[in-house]
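Computed from a predicted model, the values in this text were never measured in an experiment. Remember, it's 1-based here, ligands and their atoms both numbered in the order they're listed.
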Amino acid sequence: MRPATAAARAMGKHVEKVHGVVPPIFPSVSYERHSDGTYPGGHSYSRDQNPSFDQVEAVLAELDGGADALVFASGMAAATTIFEVLPAGTHVVAPQHMYWTIRLWMERLCNAGRITLDFIDQTDTDLLKSRLHGNANEIVWLETPSNPLGIITDINACAEIAHAAGATVVADGTLATPVLCKPLELGADIVLHSATKQLNGHTDVLAGALVTAGETDLWQRIRTDRGYRGAVLGPFESWLLLRGMRTLFLRVRASADSALKVAEAMQEEEQVSEVLYPGLPEHPGHGIAASQMNGGFGFVVSIRVRGGARATRRVADSVELFTQATSLGGVESLIEHRAGIEGDTTQVPDDLLRLSIGIEDPRDLIEDLQRALRA
Ligand code: PLP
């Protein structure tokens, strides 16, 4: 099976007895045990194992080309579980610009003395090399494209430097999805997805996932920790995520095509001072994005609006088709004044609007933005 087929068929597994075309939901928390102590269904208790999320995990591992996958109650639950199992004092090198809440979380851990932390411009690979201490416990955290600035990091180059220094590479692949980019094939050790976004795609499930290249000691600690803390995905959410992923390839391709059209149209707008989208040839990361992404550049386009924060907010208030809301990756397009949401701790310019492009007709999206910008 090729990845698009694996996603569409949800790996093609059925419950043989009833021959359903779609998989069932398994709400049972507990599973029958034989008198000899074995579990005939292979499951005992759903804080760490449930047939509903077993199947989602099988699809995710397949899509990312990984050895194993684990789903979590949210992307943040997945990310924080990694930090939970790191030895005290682990050195983390993370991008200067990255998803805000994970950055805040890392800072909290650093302030509490649990990790040491360097935020750097990871497009400068010499800088990355110079910041690694060369001990086996280090983590290099990547996010590409980054949210919301669309910065592209060369996964392959960073992974080579990290591995030469004995470090482990975790790549947040949320804005690309495995349809467009497979970080494990480019050398990352673990991929993080906020499955809340395009993997599910319908803005109705909060979910996270980790996929590993191999069965390492770190991976076993992550799996054990999830079982202890129960940060798992519920059976209903797992089922919805599985259903969402069956149309993943269609949605990802449609929204990436539209995002490029929107980005190109925004370059023509007088009120727009800059368009941040790695699909544009002018984008500083375009060359690397073109070599490590396949079939598109993702669904997030950010624009900077002339006239400062007030003018920018006015545009967000004036659109009619886009919904002004947080989050991204759904079938419906959203617009957000990111600095306004992130408040004092933001690193995002206050004239920036983040657009999450859905699967509507791109002409309607462009006309909506043009109307708001020209008003
Ligand atoms: N990583 C990225 C790049 C994100 O954009 C988000 C959420 O927006 C997360 C991780 C966290 O995911 P969740 O909201 O599912 O906890």
Side-chain angles (χ1 to χ4, degrees), residues 53 56 60 64 69-84 92 94-108 119 122 139 141-153 155 169-181 183 188 190-211 226 229 231-234 237-238 240-241 244-245 252 255 259 276 278 293 297-302 325-330 334-343 345-348 352 354-358:
F53 59 69
V56 181
L60 284 167
D64 260 319
L70 291 168
V71 285
F72 292 81
S74 67
M76 282 307 293
T80 56
T81 299
I82 298 177
F83 290 99
E84 195 59 38
V92 178
Q96 197 176 15
H97 297 286
M98 60 182 294
Y99 173 58
W100 174 60
T101 316
I102 298 182
R103 174 168 60 82
L104 293 185
W105 177 259
M106 288 181 184
E107 282 171 351
R108 270 172 70 126
F119 288 119
Q122 290 176 336
I139 296 285
W141 191 277
L142 311 177
E143 182 183 311
T144 183
S146 72
N147 176 11
L149 299 184
I151 297 167
I152 296 293
T153 310
I155 301 173
V169 178
V170 181
D172 186 335
T174 301
L175 266 62
T177 81
V179 177
L180 303 181
C181 184
I190 293 178
V191 185
L192 162 74
H193 297 289
S194 166
T196 314
K197 314 303 181 198
Q198 235 182 354
L199 284 178
N200 177 60
H202 294 78
T203 326
D204 53 10
V205 170
L206 194 67
L210 297 176
V211 187
R226 186 187 68 162
R229 294 195 300 142
V232 288
L233 198 58
E237 287 76 9
S238 299
L240 277 171
L241 176 55
M245 286 200 298
V252 168
S255 62
L276 307 173
M293 298 177 83
F297 299 90
F299 58 96
V300 176
V301 179
S302 289
T326 200
S327 199
L328 37 99
L334 305 180
I335 188 166
E336 187 178 42
H337 180 241
R338 225 17 236 175
I341 292 286
E342 297 186 4
T345 54
T346 194
Q347 294 180 334
V348 177
L352 182 140
R354 184 182 72 190
L355 311 174
S356 171
I357 304 300

K.L.:
Taking T144's backbone N and O only, do any of them form a donor-acceptor pair with T153's side chain (distance below 3.5 Å, no angle check)?
P.N.:
no

K.L.:
side-chain contact (heavy atoms from CB on, under 4.5 Å) with V232: which residues, sequence neighbours excluded?
P.N.:
F53, R226

K.L.:
Pairs under 3.5 Å, N/O atoms on ligand 1 and on the protein: can you put them in a table with the distances?
P.N.:
{"unit_1": "ligand 1", "atom_1": "1 (N)", "unit_2": "D172", "atom_2": "OD2", "d": "2.7"}
{"unit_1": "ligand 1", "atom_1": "5 (O)", "unit_2": "N147", "atom_2": "ND2", "d": "2.9"}
{"unit_1": "ligand 1", "atom_1": "8 (O)", "unit_2": "K197", "atom_2": "NZ", "d": "3.2"}
{"unit_1": "ligand 1", "atom_1": "12 (O)", "unit_2": "S194", "atom_2": "OG", "d": "3.0"}
{"unit_1": "ligand 1", "atom_1": "15 (O)", "unit_2": "G75", "atom_2": "N", "d": "2.9"}
{"unit_1": "ligand 1", "atom_1": "15 (O)", "unit_2": "S194", "atom_2": "OG", "d": "2.8"}
{"unit_1": "ligand 1", "atom_1": "15 (O)", "unit_2": "T196", "atom_2": "OG1", "d": "2.6"}
{"unit_1": "ligand 1", "atom_1": "16 (O)", "unit_2": "G75", "atom_2": "N", "d": "3.1"}
{"unit_1": "ligand 1", "atom_1": "16 (O)", "unit_2": "M76", "atom_2": "N", "d": "2.8"}

K.L.:
Can you tell me how far CG of L328 sits from OG1 of T174, rounded to the nearest 0.5 angstrom?
P.N.:
8.5 Å

K.L.:
Please set out all donor-acceptor pairs under 3.5 angstrom arising from side-chain atoms of residues 334-341, sequence neighbours excluded.
P.N.:
{"unit_1": "E336", "atom_1": "OE1", "unit_2": "T326", "atom_2": "OG1", "d": "3.4"}
{"unit_1": "E336", "atom_1": "OE1", "unit_2": "R338", "atom_2": "NH1", "d": "2.8"}
{"unit_1": "E336", "atom_1": "OE1", "unit_2": "R354", "atom_2": "NH2", "d": "2.9"}
{"unit_1": "E336", "atom_1": "OE2", "unit_2": "T326", "atom_2": "OG1", "d": "2.7"}
{"unit_1": "H337", "atom_1": "ND1", "unit_2": "G340", "atom_2": "N", "d": "3.4"}
{"unit_1": "H337", "atom_1": "NE2", "unit_2": "D350", "atom_2": "O", "d": "2.8"}
{"unit_1": "R338", "atom_1": "NE", "unit_2": "E342", "atom_2": "OE2", "d": "2.8"}
{"unit_1": "R338", "atom_1": "NH1", "unit_2": "T326", "atom_2": "OG1", "d": "3.4"}
{"unit_1": "R338", "atom_1": "NH2", "unit_2": "E342", "atom_2": "OE2", "d": "3.1"}

K.L.:
Pairs of donor and acceptor atoms involving the side chains of residues 69-76, under 3.5 Å and at least two apart or interchain, shall be tabulated with distances.
P.N.:
{"unit_1": "S74", "atom_1": "OG", "unit_2": "M76", "atom_2": "N", "d": "3.3"}
{"unit_1": "S74", "atom_1": "OG", "unit_2": "A77", "atom_2": "N", "d": "2.9"}

K.L.:
Please find out if less than 6.0 Å separates the ring center of F83 from that of W141.
P.N.:
yes

